[in-house]
Amino acid sequence: MGISDKDKSLLQSAGALVAAVGVAWVTVELALKPFLSQARKALGKSDDATRDPDNNDDVTVVDKAQPPPPSTKPDDAAPPATETTTTTTSAPAVEA
């Protein structure tokens, strides 16, 4: 039993689709080569192979129950407190 014409056309369509995706991929790679190579170099430099991203030992957890540490600024360096005042003026009524 051989392959039917319908199956052949499906295989040809699938092959054409794979070829089109491959050509599109190569086109994008060639068109964006300078940008992609710079991005890949930057990722290669920033990736620390010795650090485990799942290990959170180097993360500082802030306990919100504790008050913040006292400021090391002198009191005269603190910005002055400002008061907010609201004044309301009403325009005289205009009779028509």
Side-chain angles (χ1 to χ4, degrees):
M1 210 167 191
I3 298 175
S4 68
D5 289 338
K6 185 178 179 182
D7 291 339
K8 284 182 184 179
S9 68
L10 286 176
L11 286 174
Q12 286 177 345
S13 296
L17 178 66
V18 169
V21 169
V23 167
W25 181 269
V26 169
T27 303
V28 169
E29 286 282 336
L30 289 175
L32 301 176
K33 187 174 183 174
F35 302 111
L36 291 174
S37 64
Q38 288 177 352
R40 288 178 181 142
K41 285 179 186 176
L43 283 174
K45 289 179 184 177
S46 67
D47 193 20
D48 184 10
T50 60
R51 188 181 78 82
D52 182 12
D54 294 331
N55 187 0
N56 290 334
D57 291 342
D58 58 347
V59 176
T60 304
V61 178
V62 176
D63 185 11
K64 293 192 182 226
Q66 284 184 332
S71 175
T72 57
K73 294 181 181 178
D75 288 337
D76 59 334
T82 58
E83 290 185 20
T84 306
T85 57
T86 307
T87 57
T88 311
T89 58
S90 59
V94 177
E95 293 182 23

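All residue numbers refer to positions in the sequence shown, counting from 1.
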Can I get a per-line list of side-chain donor-acceptor pairs under 3.5 Å for residues 30-37, giving both atom names and the distance, sequence neighbours left out?
| from | atom 1 | to | atom 2 | distance (Å) |
| --- | --- | --- | --- | --- |
| Ser37 | OG | Lys33 | O | 3.1 |
| Ser37 | OG | Pro34 | O | 3.0 |

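The side-chain hydrogen bond (donor to acceptor under 3.5 Å, both in side chains) test applied to Asp7 returns Ser4, not counting sequence neighbours. Taking the side-chain hydrogen bond (donor to acceptor under 3.5 Å, both in side chains) definition, one finds that Gln38 meets it with nothing, sequence neighbours left out.
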